[in-house]
Protein chains: 2
Amino acid sequence: MTRDPDAGAAGIDPERLWLSDPQPRRGRRPAYSREAITAAAVALADAEGLEAVTMRRVAARVGAGVMSLYSYAPDKETLLELMVDHVSGELTATGPPTTPTGDWRADLKAVAHLQRSHMLRHPWLPAALATRRSPGPNTLAFLEHVLAILRPTGLDGASKLEVFAQLTAFVSGHVGHELAQAAAAASADRAAAEARYLAAVAADGQHPELAAALASPGRPLAPEATFGRFLGRLVDGLDAAP
Amino acid sequence: MTRDPDAGAAGIDPERLWLSDPQPRRGRRPAYSREAITAAAVALADAEGLEAVTMRRVAARVGAGVMSLYSYAPDKETLLELMVDHVSGELTATGPPTTPTGDWRADLKAVAHLQRSHMLRHPWLPAALATRRSPGPNTLAFLEHVLAILRPTGLDGASKLEVFAQLTAFVSGHVGHELAQAAAAASADRAAAEARYLAAVAADGQHPELAAALASPGRPLAPEATFGRFLGRLVDGLDAAP
DNA sequence: CTCATTCGCGTACGTCGTACGAGAATAGAG
DNA sequence: CTCTATTCTCGTACGACGTACGCGAATGAG
């Protein structure tokens with residue numbers, strides 16, 4: 001029995017993952033829990049980034065042996081999935097603006113801003129979302145809320161789901177870029193090296209537009225403002241005909 | 001001399017990377033080239049996905065020893081950077097619509113469609129772009145073209161750069177999602193499992209909006225159409241006041 | 001008690017990125 | 001030519017990773 005030669009096609013059965021049945025009333029009692037392990041992994045990712053999340057380090061954090069984790073999640077990819085859904089609980093827990101105001105554009109923008117702050121709080125989320133396979137219960141609860149917001153649009157089901165996916169992808173992309181910018185600016189010499197590089201390119205005569213752009217920077221605007229601007233353009237007119 | 005305790009803050013000096021000086025006229029002649037190695041890595045990624053790109057497999061493909069690669073790129077992350085810029089050459093090589101038509105919205109949309117087909121041709125690009133650090137020469141040539149398109153907008157330099165970043169992030173996010181959908185649909189039982197899972201959730205009574213959305217799917221629309229729709233909404237009105 | 005069942009996890013394997021340094025190739029100096 | 005400084009190649013090795021395997025401990029059912 002060899003491995004599937006077509007790489008990357010693996011994945012987890014969402015039914016087995018999320019629709020659990022805690023039936024075993026025999027044998028040794030579990031010493032840990034999926035919750036605790038997931039929370040430890042999230043704490044690790046929050047503190048040291050996604051690449052710090054290794055099975056060994058997560059196990060150490062919960063005080064378990066490494067292989068014990070595999071009783072709660074079949075593999076690491078699944079653990080990542082659990083992490084994503086775990087933090088997604090914050091989206092509906094703190095305050096699911098349970099009442100769509102009727103102005104769905106405003107509601108949708110508010111939701112996007114909520115997602116943005118959520119991702120800024122968990123900077124590993126954009127990267128983790130890129131490989132996400134299926135939505136867990138918390139994600140579904142959040143989706144439910146967004147669908148309720150979209151009700152007045154009269155869009156069909158598939159289009160509403162598409163809007164949700166696009167909105168998440170947009171926020172994820174924006175925050176990812178925002179974080180990269182922030183990281184580059186955090187180290188002064190790094191930012192200086194980048195600036196020197198671009199200046200050198202602009203000075204080579206081959207890039208007049210770049211030179212012009214660098215020469216008229218405009219006043220620096222807060223990331224939040226940029227986000228709001230693009231978001232507004234994306235949301236307004238979302239109900240236009242295909 | 002220990003490692004920087006603040007993880008993830010590493011990175012490559014763009015000046016050393018892109019502004020090379022081929023000066024050594026002494027010692028052994030290089031047996032390979034950065035170009036050849038990068039091309040081999042790209043071919044590997046195109047054929048088997050990004051996770052197949054390991055130093056060992058790239059080296060095997062060019063017929064070199066593993067450690068020889070490190071004479072051409074200081075580490076794997078840099079090799080990824082080189083790969084991204086390598087394929088970005090296609091964006092301006094095949095046809096840099098060198099003449100902005102004057103209708104910058106149409107031009108921008110055309111550019112986005114070009115990017116989309118580019119990413120579909122190299123499905124690993126969305127993932128690789130997420131960790132990209134600094135633009136190489138081919139990316140800069142493409143940026144130059146987009147800046148030329150944006151000239152009529154009268155936006156300031158920083159805003160134009162922002163538009164470029166946002167547009168790329170948007171396309172990347174969309175294609176990433178598109179590819180995930182396609183992968184899920186590729187295997188019939190996988191798609192069926194996903195559908196069964198969502199149906200089960202919709203039937204639990206806790207998710208009325210989801211149930212409604214699944215009940216009125218609408219006619220399935222081509223990914224290209226969805227892309228065009230969202231793109232249109234993003235591009236139109238891009239010159240609105242901050 | 002006995003025993004089937006379930007969980008904890010030590011050990012081990014294969015793969016990864018890459019540090020190190022010995023040996024091969026080359027160009028100038030004498 | 002030889003000698004030497006320089007530059008490249010790459011075998012070996014190390015630590016860290018994900019995880020398969022299987023033994024021993026804990027537990028509930030009979």
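Per chain, numbering begins at 1; letters A, B, ... match sequence-line order.
- Regarding B:E51, its CD atom lies at a distance of 15 Å from the P atom of C:dT15, rounded to whole Å.
- Across the protein-nucleic acid pair, A:L44 atom CG and D:dC17 atom C1' stand 14 Å apart, rounded to whole Å.
- Nearest nucleotide to the side chain of B:M67, out of D:dC8, D:dT12, C:dG10: D:dT12.
- Rounded to a whole Å, the CG atom of B:D75 is 17 Å from the P atom of C:dC16.
- Remark: A:E35 CD is loosely packed, at most 12 non-hydrogen atoms of other residues, nucleotides or ligands lying under 6.0 Å away.
- The minimum heavy-atom distance between A:V53 and A:A45, with the atom names listed, is CG2-CB, 3.7 Å.
- Proximity note for A:S68 (side chain, C-beta onward) versus C:dG17, D:dA20, C:dG8: the nearest is C:dG8.
- Using a 4.0 Å heavy-atom criterion, one finds that A:Y70 contacts the bases of the nucleic acid, with or without backbone contacts as well.
- Here B:S172 pairs with B:M119, B:P126, B:L129 under the side chain to side chain contact (heavy atoms under 4.5 Å, CB included) rule; sequence neighbours left out.
- Rounded to an integer number of Å, the gap from NZ of B:K76 to P of C:dT15 is 15 Å.
- The residue A:A59 sits apart from the nucleic acid: no heavy atom pair falls under 4.0 Å.
- A donor and an acceptor atom, one from each side chain of A:S134 and B:E194, are nowhere located under 3.5 Å apart.
- Across C:dC7, C:dA12, D:dC21, the shortest atom-to-atom separation from the side chain of A:R56 is found for C:dA12.
- Considering only side-chain atoms of A:Y72, the nucleotide from C:dC7, D:dT9, D:dG18 that sits closest is C:dC7.
- Going from atom CD1 of B:I37 over to atom C1' of D:dC8 covers 12 Å, rounded to whole Å.
- Contact between the side-chain N/O atoms of B:Y32 and the OP1/OP2 oxygens of D:dC10 is found at a separation under 4.0 Å.
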Sugar-phosphate atoms are those with a prime plus P, OP1 and OP2; base atoms are the rest. Using that split, label each nucleotide of nucleotides 24-30 of chain C B, S or - for protein heavy atoms under 4.0 Å, 5' to 3'. BBBS---
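- Taking atom CG of A:L69 as the reference point, atom P of C:dG8 lies 10 Å away to the nearest angstrom.
- Using a 4.0 Å heavy-atom distance criterion, A:S71 is classed as a sugar-phosphate-only contact.
- When each of A:P74 and A:R57 is assigned the nucleotide of DNA chain D with its nearest heavy atom, A:R57 is the one assigned upstream, toward the 5' end.
- Between the C1' atom of C:dG17 and the CG atom of B:L80 lies a distance of 12 Å, rounded to the nearest Å.
- Residue-level contact check: A:T54 touches the backbone only, with heavy atoms under 4.0 Å from sugar-phosphate atoms and none from bases.
- In this structure, B:L91 CG and B:N138 CG are separated by 8.5 Å, a value rounded to the nearest 0.5 Å.
- Side-chain contact check for A:S88 and A:D85: no donor-acceptor pair (N or O, by modelled atom type) lies under 3.5 Å.
- Between A:F170 and A:H174, the ring planes lie tilted relative to each other; the angle falls in the 30° to 60° range.
- Atom-to-atom, CE of B:M55 to P of D:dT12 comes out at 19 Å; the value is rounded to the nearest Å.
- Note: B:H122 and B:H118 have perpendicular aromatic rings, judged against thresholds of 30 and 60 degrees for the angle between ring planes.
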